[in-house]
Amino acid sequence: MKQAPVILLGAGGHAKVVLDLLQILNRQVLGVCDPGLADKGIQQWRGLPVLGNDTAIEQYHPDRIELANGIGSLPGNSLRRRLHDQYTRQGYWFTTLIHPSAVLGSGVKLGQGVQVMAGVIVQADTQLGDNIILNTGARIDHDGRIGHHVHIAPGAVLSGDAWVANDCHIGPGAVIIQGVKLGQGAVVGAGTTVLSELPAHYQLTGQPPRPPVDLNMGSKTS
Ligand SMILES: CC(=O)SCCNC(=O)CCNC(=O)[C@H](O)C(C)(C)COP(=O)(O)OP(=O)(O)OC[C@H]1O[C@@H](n2cnc3c(N)ncnc32)[C@H](O)[C@@H]1OP(=O)(O)O
């Protein structure tokens, strides 16, 4: 079945990556909506027509197009979520995008508008909610439960059975060990390892390593 043409929301760094992915997937892109470009009277962005600010979407019937959310996501910035909620309430559909280099195991379920970037691996029976970004090279092992509007930044690793509630942010290169739960809106800093549950709306950053242990101590006699 032919897929509907797409309108891209936003023209920042994340939008560039989403546009590349749409083009790799041979999706027809009608144009981009971005208030910053529209206010400056800019008519073209990366070869796409600038359709206007976000309200330009409403010239298109929800049955005729799909949307791609090009707004990136960082802790404390809810624009991506707000646009998703606003336009799904109006009956629009956000397209789910999977980079051809991504590996999805058996039984993986993806919600509306999930964006699976280059090099991502998602293992068996993981469930992903709506409007999630699995950014470049992120890995989620078996039986993960990932809520809506979560951003798993480049290179982050979630071991098996990790549970991540809605609106969490997991920074680049973070590591979550198996079975750990993150409460709603929790934030894990770049490069941070999470060993136990992080409650809702808590932030964990940093990596204080313990003093080095001599692995030969007690195991050798001289
Ligand atoms: C394709 C893409 O680019 S996707 C986007 C990828 N980027 C991300 O995901 C952003 C990740 N962001 C982080 O890790 C951030 O540091 C956050 C959000 C966790 C914390 O940000 P803030 O709350 O603003 O913390 P802030 O920058 O004020 O730092 C507070 C302190 O924590 C330290 N700190 C912050 N983050 C970290 C971290 N990840 N590891 C170690 N220390 C950290 C800071 O050095 C600072 O220390 P100080 O008080 O001794 O000076």
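Count residues from 1 along the sequence. All values derive from a computational prediction rather than experimental measurement. Atoms within a ligand are numbered from 1 in the order they appear, just like the ligands themselves.
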Considering heavy atoms of the protein only, find what lies nearest to [atom] and give residue, atom and distance to 0.1 Å.
{"atom": "atom 23 (O) of ligand 1", "result": "Gln203 NE2, 3.2 Å"}
{"atom": "atom 13 (C) of ligand 1", "result": "Ala190 N, 3.9 Å"}
{"atom": "atom 43 (C) of ligand 1", "result": "Thr205 CB, 4.0 Å"}
{"atom": "atom 40 (N) of ligand 1", "result": "Gly206 N, 3.4 Å"}

Below 4.0 angstrom from a heavy atom of [X], which ligand 1 atoms are there? Numbered from 1 as shown, please.
{"X": "Pro75", "result": "18 (C)"}
{"X": "Gly189", "result": "14 (O), 19 (C), 39 (N)"}
{"X": "Leu74", "result": "5 (C), 7 (N), 8 (C), 10 (C)"}
{"X": "Asn135", "result": "1 (C), 4 (S)"}
{"X": "His169", "result": "8 (C), 9 (O), 10 (C)"}
{"X": "Gly171", "result": "9 (O)"}

With a 3.5 Å cut-off and no angle check, do the side chains of [X] and [Y] form a donor-acceptor pair?
{"X": "Asn131", "Y": "Arg81", "answer": "no"}
{"X": "Asn166", "Y": "Gln184", "answer": "no"}
{"X": "Glu66", "Y": "Thr95", "answer": "yes"}

Using distance alone, decide if ligand 1 has a nitrogen or oxygen within less than 3.5 Å of any nitrogen or oxygen in [X].
{"X": "His151", "result": "no"}
{"X": "Val187", "result": "no"}
{"X": "Gln207", "result": "no"}

Considering only protein heavy atoms, determine whether one is less than 4.0 Å from [atom].
{"atom": "atom 45 (O) of ligand 1", "answer": "no"}
{"atom": "atom 37 (C) of ligand 1", "answer": "yes"}
{"atom": "atom 26 (P) of ligand 1", "answer": "no"}
{"atom": "atom 3 (O) of ligand 1", "answer": "no"}
{"atom": "atom 16 (O) of ligand 1", "answer": "no"}
{"atom": "atom 19 (C) of ligand 1", "answer": "yes"}
{"atom": "atom 33 (C) of ligand 1", "answer": "no"}
{"atom": "atom 51 (O) of ligand 1", "answer": "no"}

[Y] backbone acceptor or donor facing [X] side chain under 3.5 Å:
{"X": "Gln115", "Y": "Ile133", "value": "no"}
{"X": "Asn77", "Y": "Leu79", "value": "yes"}
{"X": "Tyr92", "Y": "Ile57", "value": "yes"}
{"X": "Thr96", "Y": "Gly113", "value": "yes"}
{"X": "Thr192", "Y": "Gly206", "value": "yes"}
{"X": "Thr126", "Y": "Val122", "value": "no"}
{"X": "Asp34", "Y": "Ala11", "value": "yes"}
{"X": "Ser159", "Y": "Ile176", "value": "yes"}
{"X": "Arg80", "Y": "Gly72", "value": "no"}

His14 vs His151 aromatic rings, parallel, tilted or perpendicular, using cut-offs 30° and 60°?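 The rings of His14 and His151 sit tilted, inter-plane angle from 30° to 60°.
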May I ask whether His14 places a heavy atom under 4.0 Å from ligand 1?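 His14 does not count as a contact of ligand 1 under the 4.0 Å cut-off.
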Can a non-hydrogen atom of Gly191 be found less than 4.0 Å from any atom of ligand 1?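 No heavy atom of Gly191 comes that close to ligand 1.
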Heavy atoms of other groups near Trp45 CH2, more than 12 under 6.0 Å: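 Yes, enclosed.
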Can you tell me if Gln43 has over 12 outside heavy atoms packed within less than 6.0 Å of its CD?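 No.
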Which one of Ala156, Gly155, Gly76, Pro154 has a non-hydrogen atom at the shortest distance from atom 1 (C) of ligand 1?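 Selected option, by shortest heavy-atom distance: Pro154.
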Ignoring hydrogens, just give me the one of Pro172, Ser73, Ala153 whose non-hydrogen atom is nearest atom 8 (C) of ligand 1.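 Nearest option to atom 8 (C) of ligand 1, by heavy atoms: Pro172.
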